[in-house]
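Note sheet for the following structure.
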Protein chains: 2
Amino acid sequence: MKKNEINKIECPVGKALKIIGGKWRLRILNEIGEEKRRFGELKRLIPDISEKMLIQELKTLMEYNLVSKKSYHQIPPKVEYSLTEKGKKVFPVLEQIVIFANVID
Amino acid sequence: MKKNEINKIECPVGKALKIIGGKWRLRILNEIGEEKRRFGELKRLIPDISEKMLIQELKTLMEYNLVSKKSYHQIPPKVEYSLTEKGKKVFPVLEQIVIFANVID
DNA sequence: TTAACTACTTACTAAAAAGTAAGAATTATT
DNA sequence: AATAATTCTTACTTTTTAGTAAGTAGTTAA
């Protein structure tokens, strides 16, 4: 079996979940949305996340190139997170998830 | 704060993830799709899941009323799992996840 | 009488994910 | 000289999730 066939073993759902699965990633992507969000702002928007998880997940999302970061070299520091073009591709997923959430009860 | 406002605290994304989040649920729902699936069939379709997890997650999905089960009282036993009407409401989510999976790399 | 079939169950262990709490960095302000 | 501001980091613990491996049930076929 060739290396570039290995990707095809796994179903697309499994593949996507490796990237946007887990407790926090979709929520973070959702809160960033079309905006530029500061770290502290995201913390407020997702009150139940710990700082550790927020920064850890942001880091991972940046590795996947779904999120980008701009640091202003000020004291106290200021950073802005936003979605990359690739990151914006989750919008339709989020849209459907929100619809699903409203349809269940 | 009134009790029926409590639901509104959490964002819809978080709410949906409680139901369809985790490593296996969307994959199971995806493999059932429009079909009637036997336990052993699902096991084959999702080769990396353990029997324990498969049955545990099926049980949970049934509690959420996304999946229903029909047992034929035969020996050896035969059961069929299928999506309820409510369960079929995840299709648009799955659809977008599959699109997302194909767009990333 | 033994094995095979299918859908589970259970006890136990291991791994992954998440939480907590403290602290570092750096400059302005009091 | 102490405090506040903001974005992180680190060590440690707890909780949650998942995996393993063995076993159960009840017929049928070898």
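Per chain, numbering begins at 1; letters A, B, ... match sequence-line order.
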*asked:* Hydrophobic cluster membership, with links at side-chain heavy-atom distances under 4.5 Å among I/L/V/M/F/W/Y: are A/L61 and B/V103 in one?
replied: yes
*Nearest-Å distance, NZ (B/K43) to C1' (C/dC5)?*
11 Å
*Could you give the start and end, 5' to 3', of the contact zone on DNA chain D for chain B, using atoms under 4.0 Å from its heavy atoms?*
D/dA18 to D/dT27
*Hydrophobic cluster identity match, A/V93 and A/I99, side-chain contacts under 4.5 Å*: no
*Sugar-phosphate atoms are those with a prime plus P, OP1 and OP2; base atoms are the rest. Using that split, label each nucleotide of nucleotides 16-26 of chain C B, S or - for protein heavy atoms under 4.0 Å, 5' to 3'.*
--BBB-----B
*Scan A/Y72 against the nucleic acid and name what it touches under 4.0 Å (heavy atoms): base, sugar-phosphate only, or nothing.*
nothing
*asked:* Rounded to whole Å, how long is the line connecting atom CD of A/Q74 with atom C1' of C/dT27?
replied: 12 Å
*Approximate separation, where rounding is to 0.5 Å, of B/K43 NZ and B/R37 CZ*: 15.0 Å
Please output the side-chain donor-acceptor pairs of residues 22-34 of chain B that fall under 3.5 Å, not counting sequence neighbours, one pair per line with the distance.
unit_1: B/R25; atom_1: NE; unit_2: B/E57; atom_2: OE2; d: 3.2
unit_1: B/R25; atom_1: NH1; unit_2: B/K18; atom_2: O; d: 3.3
unit_1: B/R25; atom_1: NH1; unit_2: B/I19; atom_2: O; d: 3.2
unit_1: B/R27; atom_1: NH1; unit_2: B/D48; atom_2: OD1; d: 3.4
unit_1: B/R27; atom_1: NH1; unit_2: B/D48; atom_2: OD2; d: 3.1

_Shortest non-hydrogen separation from B/P12 to A/A101 and the atoms involved_ = O-CB, 3.3 Å
*Could you pull out all residues at least two apart from A/K69 that satisfy side-chain contact (heavy atoms from CB on, under 4.5 Å)?*
A/M62, A/S71, A/V79, A/Y81
_Can you list everything that forms a side chain to side chain donor-acceptor pair (under 3.5 Å) with B/E95? Sequence neighbours excluded, please._
none
*Does the A/S82 side chain pair with the main chain of A/E35, one donor and one acceptor, at a distance under 3.5 Å?*
no
_Degree of bending, the helix from C/dT1-D/dA30 to C/dT30-D/dA1 (end axes from five pairs; round to 10°)_ = 30°
*B/K59 near the nucleic acid: base, sugar-phosphate alone, or nothing, with a heavy-atom cut-off under 4.0 Å?*
sugar-phosphate
_Taking the six-membered ring of B/F100 as reference, does the cationic atom of A/K89 (NZ for Lys, CZ for Arg) lie under 6.0 Å from its centre and within 45° of its axis?_
no
_Please find the pair of heavy atoms, one from B/I97 and one from A/V13, that lie closest to each other, and give the distance._
CG2-CA, 4.2 Å
